[in-house]
Amino acid sequence: MKTSDMKRFTVIGGGVSGTALALFARRLGAQVYVSEERGVIAPDVAEQLKNAGVGWEVNGHTERAFEADALLLSSGIPPFAPCVLEAGRRGLPVIGELDFVVPHIKGRVAGVTGSNGKSTLTALCGHILQKTGFKTGVGGNIGDASPLFAGEPFDYIVLELSSFQLHWARELKSSLAVVTNLAPDHIDWHGSYEAYVAAKAKILSLQDRGGWGIIQHRDYEALKVANPERTVVLSWDEHSESAAAGKIFMGKDSAVLRLEGKERLLFRYGDTSLLGNHNLENTAMALASAHLLGAGVPDAEVKNILADFRPLPHRCELAGTVNGVTYVDDSKGTNVAASVTAMTSIKGRKVVILGGKGKGEDYGILAEAVKREADAAVLIGEEKDRIETALKNAGFNAISKAGGMEEAVFEARGLAAPGMVVLLSPACTSWDMYKNYQERGEHFCAVVRDMEA
């Protein structure tokens, strides 16, 4: 049965993505039921569902959930979820969010994925397109869920796409596909690093004919690039070579796009206030994306457009400066790769605040980065003992432990000399101490503000 012929859907998951899916399916005239595994649906969500004529259950998934033509999977539902396995046993189709929504999207799609930096790149690419005069929607895994763009006339829609969403994708057709970088993450969901990379790589194969891809030069082999003639690679190495058609070269003080025998200045590093080399890469990829999409940005406007961009909260965001010490909030650094990137991208010696609830990662790489980049580390949360062991195994002993964020920040203040950076980049989730990384970052910033007062 074709999706267009299906009339009854059960949406698995009652969060942001699931709610948007349910309401969109209802707008299409389908009968819709939401099955939430947890014991609660937020009151505002329940009100929306009720007003739309959508039924729901909590503590699912009961027999009622399978009385449908197909299950619609909200973002994050894994292939080994009991409801997915049960649907397979019954011969009931399962449809991912993107495959259900994409046929109804009007406008050219730019898809952005990667292990780190994808939110900033998505937001920045959307900002550039909007400032260049195009009607542009920005969302996906950040901001507005993809169903909210369906049926609306846009020139471009820039979507951040998670590996979870891409795992289920079959029908996505993008005019531009960007993979910011690759590093181990979500191994528990995908089962292996290889499966995680394969999910990310799908964005490159699910392109419109004539679409472009942008990736890191170092990730070329891992992504198994099948269409090098429509791929651009980013590299800091003047002499790096690949079969790709083009190159974003990160020079000493500027980034250029080399394509079809021509070189175009993308921006000068002084044009952006974003912190860290990784954000220089994000900026270069975003400007190259606009160019490849045919939305040429006038050279004279680049500096003003970048100056108007406000960095996303808790992603290498300046929290304040106190007595000559710079405080940086990278609470979004919830895995080892993100924290290593933050430490190595931000200039200056550091005191780094690490710890939280772990993902089962190996902290060896993190410890080596701390040894290179930091004078001291302050550890918090459930993982502080494991991180301490890794640091000591690496020969780094300038370690302090704190019972909470306020104590950690004050400890870091005592360890940092003027000119240094105190960096919150935990390499862990926040769930042992906070509802989410936003709340953790806000607490860090509040403590810094109190010190400034």
Side-chain angles (χ1 to χ4, degrees), residues 1-26 28 30-42 45 49 54-103 113 140-141 145-147 161-172 184-203 205-206 335 357-361 429 431:
M1 183 185 299
K2 295 180 180 179
T3 303
S4 57
D5 296 329
M6 297 176 180
K7 301 300 180 184
R8 301 180 304 157
F9 296 101
T10 292
V11 176
I12 304 298
V16 173
S17 169
T19 301
L21 262 179
L23 295 177
F24 175 58
R26 191 73 185 99
L28 295 177
Q31 298 177 37
V32 184
Y33 188 70
V34 173
S35 182
E36 168 58 53
E37 185 177 33
R38 297 171 300 176
V40 64
I41 284 183
V45 171
L49 297 178
V54 175
W56 71 89
E57 66 180 9
V58 295
N59 296 315
H61 310 285
T62 66
E63 182 64 27
R64 173 66 181 83
F66 300 97
E67 296 173 2
D69 296 326
L71 301 187
L72 299 183
L73 306 182
S74 63
S75 178
I77 304 299
F80 53 81
C83 59
V84 174
L85 297 177
E86 178 62 18
R89 190 184 69 80
R90 296 174 181 234
L92 188 65
V94 295
I95 303 171
E97 172 189 342
L98 294 177
D99 282 1
F100 189 72
V101 174
V102 162
T113 194
N141 208 41
S146 62
L161 303 176
S162 70
S163 60
F164 307 155
Q165 291 166 309
L166 288 168
H167 170 87
W168 295 108
R170 304 290 184 274
E171 305 298 327
L172 174 66
D185 201 7
H186 303 304
I187 306 304
D188 53 345
W189 198 98
H190 290 279
S192 69
Y193 179 61
E194 291 73 20
Y196 168 73
V197 171
K200 293 291 189 185
K202 287 181 71 175
I203 197 173
S205 61
L206 296 173
N335 59 48
K357 185 175 179 61
K359 295 181 175 180
E361 290 191 86
T429 70
W431 300 325

Tell me, do Leu71 and Val84 make a side-chain contact under 4.5 Å, heavy atoms counted? no
Roughly how far apart are His186 NE2 and Asn335 CG, rounded to 0.5 Å? 7.5 Å
Separation between CH2 of Trp189 and CD1 of Ile77, rounded to the nearest 0.5 Å: 9.0 Å
Smallest separation among heavy atoms of Ala25 and Val32, with atom names: CB-CG2, 3.7 Å
Is any side-chain heavy atom of Tyr33 closer than 4.5 Å to one of Glu57? yes
Whether the side chain of Glu36 engages the backbone of Gly14 through a donor-acceptor N/O pair (distance < 3.5 Å, no angle test) should be reported. yes
Residue pairs fulfilling salt bridge (charged side-chain N to carboxylate O under 4.0 Å, His left out) with at least one residue in residues 11-25, sequence neighbours excluded: none
With sequence neighbours left out, what residues match Arg170 under salt bridge (Lys or Arg N to Asp or Glu O under 4.0 Å)? none
Atom pair CG (Leu28) and CG (Leu23), whose distance is rounded to the nearest 0.5 Å: 11.0 Å
Only pairs at least two apart or in different chains count here, so list each side-chain hydrogen bond (donor to acceptor under 3.5 Å, both in side chains) that has a residue in residues 81-98. Ser17-Glu97, Glu63-Arg90, Glu86-Arg89, Glu86-Arg90, Glu97-Ser146, Glu97-Gln165
Is there a side-chain contact between Leu172 and Leu161 (heavy atoms, below 4.5 Å)? yes
Looking only at non-hydrogen atoms, find the nearest pair between Arg26 and Ala30 and report the distance. NH1-O, 3.1 Å
On a heavy-atom basis, which atom in Leu98 and which in Ala169 lie closest, and how many Å separate them? CD1-CB, 4.1 Å
What are the two closest heavy atoms between Ala70 and Leu92, and how far apart are they? N-CD1, 4.0 Å
Under 3.5 Å donor-acceptor, Trp168 side chain and Asp99 backbone: no
Which heavy-atom pair separates Asp69 from Lys7 by the least distance, and what is that distance? OD2-N, 2.8 Å
Contacts satisfying ring-ring contact (aromatic ring centres under 6.0 Å, His included) that involve residues 65-94 (not counting sequence neighbours) are none
Check Ala68 against Ala65 and note the closest heavy-atom contact, atom names and distance. CB-O, 4.4 Å
Would you please name every residue forming a side chain to side chain contact (heavy atoms under 4.5 Å, CB included) with Leu85, sequence neighbours left out? none
Sorted by chain and number, sequence neighbours left out, salt bridge (Lys or Arg N to Asp or Glu O under 4.0 Å) with Lys359 holds for Asp185
Under the rule for side chain to side chain donor-acceptor pair (under 3.5 Å), what residues qualify as partners of Asn141, not counting sequence neighbours? Glu160
Trp431 atom CH2, over 12 foreign heavy atoms within 6.0 Å: no
ring-ring contact (aromatic ring centres under 6.0 Å, His included) filter on Trp56, not counting sequence neighbours, yields none
Between OG of Ser35 and CG of Leu72, what distance do you get to the nearest 0.5 Å? 12.0 Å
OG-CG distance between Ser75 and Leu21, expressed to the nearest 0.5 angstrom: 9.5 Å
Sequence neighbours excluded, the answer for ring-ring contact (aromatic ring centres under 6.0 Å, His included) partners of Phe9 is Phe100
Rounded to the nearest 0.5 angstrom, the CZ-OG1 distance for Arg64 and Thr10 is 5.5 Å
Report the residues that fulfil ring-ring contact (aromatic ring centres under 6.0 Å, His included) with His61, sequence neighbours left out, ordered by chain and then residue number. none
Tell me every residue that passes ring-ring contact (aromatic ring centres under 6.0 Å, His included) with Tyr196, counting only those two or more places apart in sequence or in another chain. His190
Below 4.5 Å, heavy atoms only, C-beta onward: do Glu37 and Cys83 meet side chain to side chain? no
Side chain to side chain donor-acceptor pair (under 3.5 Å) involving Thr113 - partner list, sequence neighbours excluded: Lys200
